[in-house]
Protein chains: 2
Amino acid sequence: MARTTGSHSDITGPRIRAAAQDLFARHGYAAVSMRRIAGAVGVQAGALYNYTRDKQSLLFDLMQAHMEDLLAALDAEPRQADPLERLRAFTRFHIRFHLERQDAVFIAYMELRNLDPGNFETIEALRRSYEDRLEAILRDGVGDGTFTVADTKVATLALIGMLNGINTWYRAEGRLTLEQVEQIYWDMVRRAVAG
Amino acid sequence: MARTTGSHSDITGPRIRAAAQDLFARHGYAAVSMRRIAGAVGVQAGALYNYTRDKQSLLFDLMQAHMEDLLAALDAEPRQADPLERLRAFTRFHIRFHLERQDAVFIAYMELRNLDPGNFETIEALRRSYEDRLEAILRDGVGDGTFTVADTKVATLALIGMLNGINTWYRAEGRLTLEQVEQIYWDMVRRAVAG
DNA sequence: GTCTATAACAGGATAGAC
DNA sequence: GTCTATCCTGTTATAGAC
């Protein structure tokens, strides 16, 4: 739909971010031009610069917002004491959150190398912060004998790698329901670190 | 070192592929120009077209060669009968092969979306073929009671995801030796599918 | 806030000389 | 087989009109 001149500051900004997220996820940051993003929104390329300083900021803002959403949502989960229950809750949370935001997750991983160095450091710090949440669960569980793992840092990365893989193959219309996937992965996570 | 006019067909081809692999892995296919690849090799951009039809073929040939190497190397491994030993051998093979080829592995995963549709199908078929090798091990082990997994296809993808994650963090000069990493991951793989 | 127009430059690929 | 030169297209970002 063609757009004519007018004022839409309150909706154009979000639409630009949504279009950029969709296009970056599908084709990659470097392969998507500002003109193409503008076209998807229905404005001319020059108008984008009312909302973002440049293309790099557009990418960084998407990634930062995603990582901050992730940490905020995790911290908003109910607290529990038992390490096994905390691990179960983390597993379930991770799967759901990531499957609900496939585009943002994909970008946050694939486009790290297209971030300017300072921006890269910011995103990496947020990622480490998320990993630390899981490692704390494992460490507590090792302390009370719930878990047996040789190295909590490596186990953390192994579990996150396993869970992240779901995003590469799961489709809502596929053979398995979300609940079935959660159950299968929880079984494997639990056994992988079992005491 | 500057190059002058001359004939070097037997070494320039491999050098182009090596430079492209390095640059694609570091910056991404879309972000690397033919001029930059040529610069890394020490020739002018036009000379590249004596060795590759176009940029897309350069990417595809790298990915296809990597996947075919992977399958050939796996099939060259000693055969064993016991499912647990076969899974152990697969785990060890996967870790070693992938850590020895970090650039090729990274490209084979990250640049799938930059392949033309026909090329994409070819690479995907090779990838599925590799996954099928692991699934066959799990299925045999479920059959004789060695393993207990609810869904061999999902378990295959979960294990490969877990193992692939190593490439994102392992560094030869880091805290752990390759042998230690292999041991830790084998422990987790074994327990995750234990009967 | 969006438009049109444009500056300034980089991209893939090819032609023809050597 | 490699070079230089070039075609043609596309890129980010900005300027000024409305």
Side-chain angles (χ1 to χ4, degrees), chain A residues 1-21 23-24 26-63 107 111 113-117 119, chain B residues 1-24 26-63 107 111 113-119:
Chain A
M1 141 208 98
R3 288 250 9 280
T4 52
T5 300
S7 172
H8 300 272
S9 76
D10 46 347
I11 63 163
T12 305
R15 292 185 65 213
I16 289 171
R17 285 190 288 279
Q21 181 165 87
L23 290 168
F24 288 167
R26 268 212 298 242
H27 308 287
Y29 171 78
V32 174
S33 69
M34 293 297 267
R35 278 202 259 275
R36 199 161 166 193
I37 296 169
V41 174
V43 298
Q44 293 300 312
L48 299 183
Y49 292 88
N50 290 316
Y51 299 92
T52 184
R53 205 167 55 72
D54 53 20
K55 194 183 171 190
Q56 170 72 202
S57 297
L58 195 47
L59 174 64
F60 173 67
D61 291 346
L62 286 174
M63 292 175 73
I107 292 169
E111 304 300 354
R113 61 186 167 182
N114 285 312
L115 288 174
D116 293 344
N119 290 342
Chain B
M1 138 208 102
R3 289 245 15 279
T4 53
T5 299
S7 172
H8 299 272
S9 75
D10 46 348
I11 64 163
T12 303
R15 291 185 67 214
I16 289 172
R17 286 189 288 280
Q21 181 165 87
D22 177 62
L23 290 168
F24 288 167
R26 269 212 298 240
H27 308 286
Y29 172 77
V32 173
S33 68
M34 294 297 269
R35 283 180 177 82
R36 198 163 169 191
I37 296 168
V41 174
V43 298
Q44 293 300 313
L48 299 184
Y49 292 87
N50 290 316
Y51 299 92
T52 184
R53 203 166 57 71
D54 53 21
K55 194 184 172 192
Q56 170 71 203
S57 298
L58 196 46
L59 174 64
F60 174 67
D61 290 346
L62 286 174
M63 292 174 73
I107 292 169
E111 304 299 353
R113 62 186 167 183
N114 285 311
L115 289 174
D116 292 344
N119 290 341

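Just so we're on the same page: letters track the sequence lines, and every chain starts at 1.
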With a 4.0 Å cut-off on N to O distance, would you call K55(A) and E111(A) a salt bridge? no
OP1 or OP2 of dT2(C) less than 4.0 angstrom from a side-chain nitrogen or oxygen of T12(A), does that happen here? yes
When the distance from CG of N50(A) to P of dG16(D) is rounded to whole Å, what number comes out? 15 Å
Pairs under 3.5 angstrom, nitrogen or oxygen only, protein versus nucleotides 6-13 of chain C, please.
{"from": "dG11(C)", "atom 1": "N7", "to": "R35(B)", "atom 2": "NH1", "distance (Å)": "3.4"}
{"from": "dG12(C)", "atom 1": "OP1", "to": "M34(B)", "atom 2": "N", "distance (Å)": "3.4"}
{"from": "dG12(C)", "atom 1": "OP1", "to": "K55(B)", "atom 2": "NZ", "distance (Å)": "3.1"}
{"from": "dG12(C)", "atom 1": "OP2", "to": "M34(B)", "atom 2": "N", "distance (Å)": "2.7"}
{"from": "dG12(C)", "atom 1": "N7", "to": "R35(B)", "atom 2": "NH1", "distance (Å)": "3.1"}
{"from": "dG12(C)", "atom 1": "O6", "to": "R35(B)", "atom 2": "NH2", "distance (Å)": "3.0"}
{"from": "dA13(C)", "atom 1": "OP2", "to": "Y49(B)", "atom 2": "OH", "distance (Å)": "2.9"}
{"from": "dA13(C)", "atom 1": "OP2", "to": "K55(B)", "atom 2": "N", "distance (Å)": "3.1"}

In whole angstroms, how far is the C1' atom of dT12(D) from the CG atom of L59(A)? 15 Å
Is the closest side-chain heavy-atom distance between I16(B) and T52(B) below 4.5 Å? no
Measuring from F60(A):CZ to N114(A):CG, what's the distance to the nearest 0.5 Å? 14.5 Å
Show the atom names and distances, to 0.1 Å, of all donor-acceptor pairs under 3.5 Å that link a side chain in residues 30-48 of chain B to residues at least two apart or in another chain.
{"from": "S33(B)", "atom 1": "OG", "to": "R36(B)", "atom 2": "N", "distance (Å)": "3.1"}
{"from": "R36(B)", "atom 1": "NH2", "to": "H27(B)", "atom 2": "NE2", "distance (Å)": "3.1"}

From CD1 of I37(A) across to P of dA13(D) the rounded distance in Å is 10 Å
Decide yes or no for L115(B) and Q56(B): does some side-chain heavy atom of the first lie under 4.5 Å from some side-chain heavy atom of the second? yes
Does Y51(B) place a side-chain N or O at less than 4.0 Å from the phosphate oxygens OP1/OP2 of dT2(D)? yes
note: D116(A), atom CG; dT12(D), atom C1'; distance rounded to Å ~ 14 Å
Below 4.5 Å, heavy atoms only, C-beta onward: do R17(A) and Y51(A) meet side chain to side chain? no
Give the rounded distance in Å between these two atoms: CD of Q44(A) and P of dT2(C). 11 Å
In whole angstroms, the gap separating C1' of dT9(D) from CZ of R36(A) amounts to 15 Å
